[in-house]
S.K.: 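Before I ask anything, here is the structure I am working with.
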Amino acid sequence: MKIATFNVNGINTRLPAVLAWLGRERPDVACLQELKAAHEAFPRQAIEAAGYGVVWHGQKAWNGVAILARDAQPVEVRRGLPGDPGDAQSRYLEAEVGGVLVGCLYLPNGNPQPGPKFDYKLAWFDRLIAHAQRLWDSGAPVVLAGDYNVVPTDEDIYDPRSWRKDALLQPESRERYRRLLDQGWTDSLRQAFGDRRVYTFWDYFRNRWERDAGLRIDHLLLSAPLAQRLETAGVDRWVRGEPRPSDHAPAWVQLGAARRTRRRTAK
DNA sequence: ATGCCTAGAGTATCTAGA
């Protein structure tokens, strides 16, 4: 089972690129972020014609998340993170697909910092941590996939010097990502790549793609039942090199078949 | 310190992204 996450930066602008990617890589599940489309402006028919069932949470102009499932209909179980009924931004969607609980998230960018946008980022992150703890405690097979807008360490960026004041590298952002991992989640790309560099985002500015001056900010966190099924993880870099690309490339995990649960032996 | 590049809204030039 291949599960992917892709910040598309505008689903309608990027529709040809998304369809080309789905056709070539054939992920079983695809979490999309930054749809930048109102609910009624989402290209449902084109996605379904490509063989994918879909649930989505749109928003005019900004944000927006979707979960796609190949030859299946995702069963939505949650829309929006709990903890703040006044939060109107479309940044979290949760659905069940093929026995896996899929959380698709688009964590706030938080720039400029300090300021209200950074405060919102940290508050949103705290709500995610609280929700993730409940998911972890449930023991369910869960993947939390999306654009976290956090560069976890200096090994996850081509050169941190010019980014030191950026919200993505702040100690407050990194500490929260660390706290998430400390719950037990497996950071699947880091797990698969070890010491090797791996990026998922290249800024449009300053030929950052051509120089491979990237950041790792899109993450797939696996709960224990999925972590033991992790076979490989990767980034579909070719997508970033296509004409009119998103500034992100899709990241993915390949999971092996679910093993039958071992019977516990009483002592 | 700021712009760089791209997208959406709307039709000039903002906001927002990361």
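Only heavy atoms go into these numbers, but all of them, side chains included; no hydrogens, no water, no symmetry mates. Given the structure is predicted, the values throughout are model-derived calculations rather than measurements. Sequence lines set the chain letters: A, B, ... in the order given, protein chains first and strands last, and positions in each chain run from 1.
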S.K.: Please tell me which of the listed nucleotides, B/dG17, B/dA7, B/dA9, lies nearest to the side chain of A/Ala61?
M.R.: B/dA9
S.K.: Among B/dG8, B/dA7, B/dA16, which is the nearest nucleotide to the side chain of A/Trp62?
M.R.: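 Of B/dG8, B/dA7, B/dA16, B/dA16 is nearest to the side chain of A/Trp62.
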S.K.: Can you check the A/Glu210 CD to B/dC5 P distance for me, whole Å?
M.R.: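 Going from CD in A/Glu210 over to P in B/dC5 covers 12 Å.
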S.K.: Of A/Lys60 and A/Phe201, whose closest DNA chain B nucleotide lies nearer the 5' terminus?
M.R.: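 Between the two, 5'-proximity favours A/Lys60.
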S.K.: Assign A/Asn207 to base, sugar-phosphate, or nothing according to its heavy-atom contacts below 4.0 angstrom with the strands shown.
M.R.: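 Here A/Asn207 touches no strand at all.
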S.K.: Cut-off 3.5 Å, side chains only: do A/Asp87 and A/Tyr92 have a donor facing an acceptor?
M.R.: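 Short answer, no.
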S.K.: Is A/Asn111 touching bases, backbone alone, or none of the nucleic acid, heavy atoms closer than 4.0 Å?
M.R.: base
S.K.: With rounding to whole Å, what would you report as the distance between B/dC4 and B/dG17 at their C1' atoms?
M.R.: 14 Å
S.K.: NA contact type, A/Arg211, heavy-atom cut-off 4.0 Å: base, sugar-phosphate, or nothing?
M.R.: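 No contact.
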S.K.: Among the candidates B/dG17, B/dA7, B/dG8, find the nucleotide nearest to the side-chain atoms of A/Glu34.
M.R.: B/dG17
S.K.: Could you check how far CD of A/Gln59 sits from P of B/dG8, rounded to whole Å?
M.R.: 14 Å
S.K.: Separation of A/Asn63 atom CG from B/dT15 atom P, in whole Å?
M.R.: 17 Å
S.K.: At under 4.0 Å, does any side-chain N or O of A/Thr13 touch on OP1 or OP2 of B/dT6?
M.R.: no
S.K.: Rounding to an integer number of Å, can you tell me how far A/Asp166 CG sits from B/dG17 P?
M.R.: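 The distance from CG of A/Asp166 to P of B/dG17 comes to 12 Å, rounded to the nearest Å.
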S.K.: Are A/Tyr158 and A/Trp163 linked by a side-chain donor-acceptor pair shorter than 3.5 Å?
M.R.: yes
S.K.: Tell me what A/Tyr148 touches on the nucleic acid: a base, only sugar-phosphate, or nothing, going by heavy atoms under 4.0 Å.
M.R.: nothing
S.K.: Once you round it to whole Å, what is the distance between P of B/dG8 and CG of A/Asn7?
M.R.: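 Atom CG in A/Asn7 sits about 12 Å away from atom P in B/dG8.
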S.K.: Could you verify whether a donor N or O on one side chain and an acceptor N or O on the other, from A/Gln183 and A/Gln133, lie under 3.5 Å apart?
M.R.: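 A/Gln183 vs A/Gln133: donor-acceptor pair found between side chains.
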S.K.: Rounded to whole angstroms, how far apart are CH2 on A/Trp209 and P on B/dT6?
M.R.: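 Answer to the nearest Å: 15 Å.
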S.K.: Please tell me whether A/Lys36 and A/Asn9 have a donor and an acceptor in their side chains that are separated by less than 3.5 angstrom.
M.R.: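 Looking only at side-chain atoms, A/Asn9 and A/Lys36 do form a donor-acceptor pair, the distance falling under 3.5 Å.
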S.K.: If you assign each of A/Lys36 and A/Trp163 to its closest nucleotide in DNA chain B, which residue comes earlier from the 5' end?
M.R.: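 Counting from the 5' end, the first nearest nucleotide belongs to A/Lys36.
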S.K.: Think A/Arg91 has a side-chain N or O under 4.0 angstrom from the OP1 or OP2 of B/dG17?
M.R.: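 So the side-chain polar atoms of A/Arg91 do come within 4.0 Å of the phosphate oxygens OP1 or OP2 of B/dG17, strictly under.
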S.K.: Classify the nucleic acid contact of A/Lys121 as base, sugar-phosphate or nothing, counting any heavy atom under 4.0 Å across all strands shown.
M.R.: nothing
S.K.: With heavy atoms under 4.0 Å as the rule, sort A/Arg244 into base, sugar-phosphate or nothing.
M.R.: sugar-phosphate
S.K.: If we count only N and O atoms by modelled type, under 3.5 Å, do the side chains of A/Glu94 and A/His131 hold a donor and an acceptor together?
M.R.: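 A/His131 and A/Glu94 do have a side-chain donor-acceptor pair below 3.5 Å.
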S.K.: When the P atoms of B/dT2 and B/dA7 are considered, how many whole Å apart are they?
M.R.: 25 Å
S.K.: Rounded to the nearest angstrom, tell me the gap between atom CZ in A/Phe205 and atom P in B/dC4.
M.R.: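 Taking atom P of B/dC4 as the reference, CZ of A/Phe205 is at 8 Å.
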S.K.: If Ile, Leu, Val, Met, Phe, Trp and Tyr residues are connected whenever their side-chain heavy atoms lie under 4.5 Å apart, and connections chain through other members, are A/Tyr120 and A/Leu122 in the same group?
M.R.: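 No; A/Leu122 is not reachable from A/Tyr120 via cluster members.
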S.K.: When the C1' atoms of B/dT15 and B/dG10 are compared, how many Å lie between them, rounded to an integer?
M.R.: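 Rounded to whole Å, the distance is 13 Å.
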S.K.: Take the protein atom CG of A/Asp203 and the nucleotide atom P of B/dC5, then report the distance between them rounded to whole Å.
M.R.: 11 Å
S.K.: Can you see if the side chain of A/Arg208 gets near the phosphate of B/dC4 - specifically, an N or O under 4.0 Å from OP1 or OP2?
M.R.: no
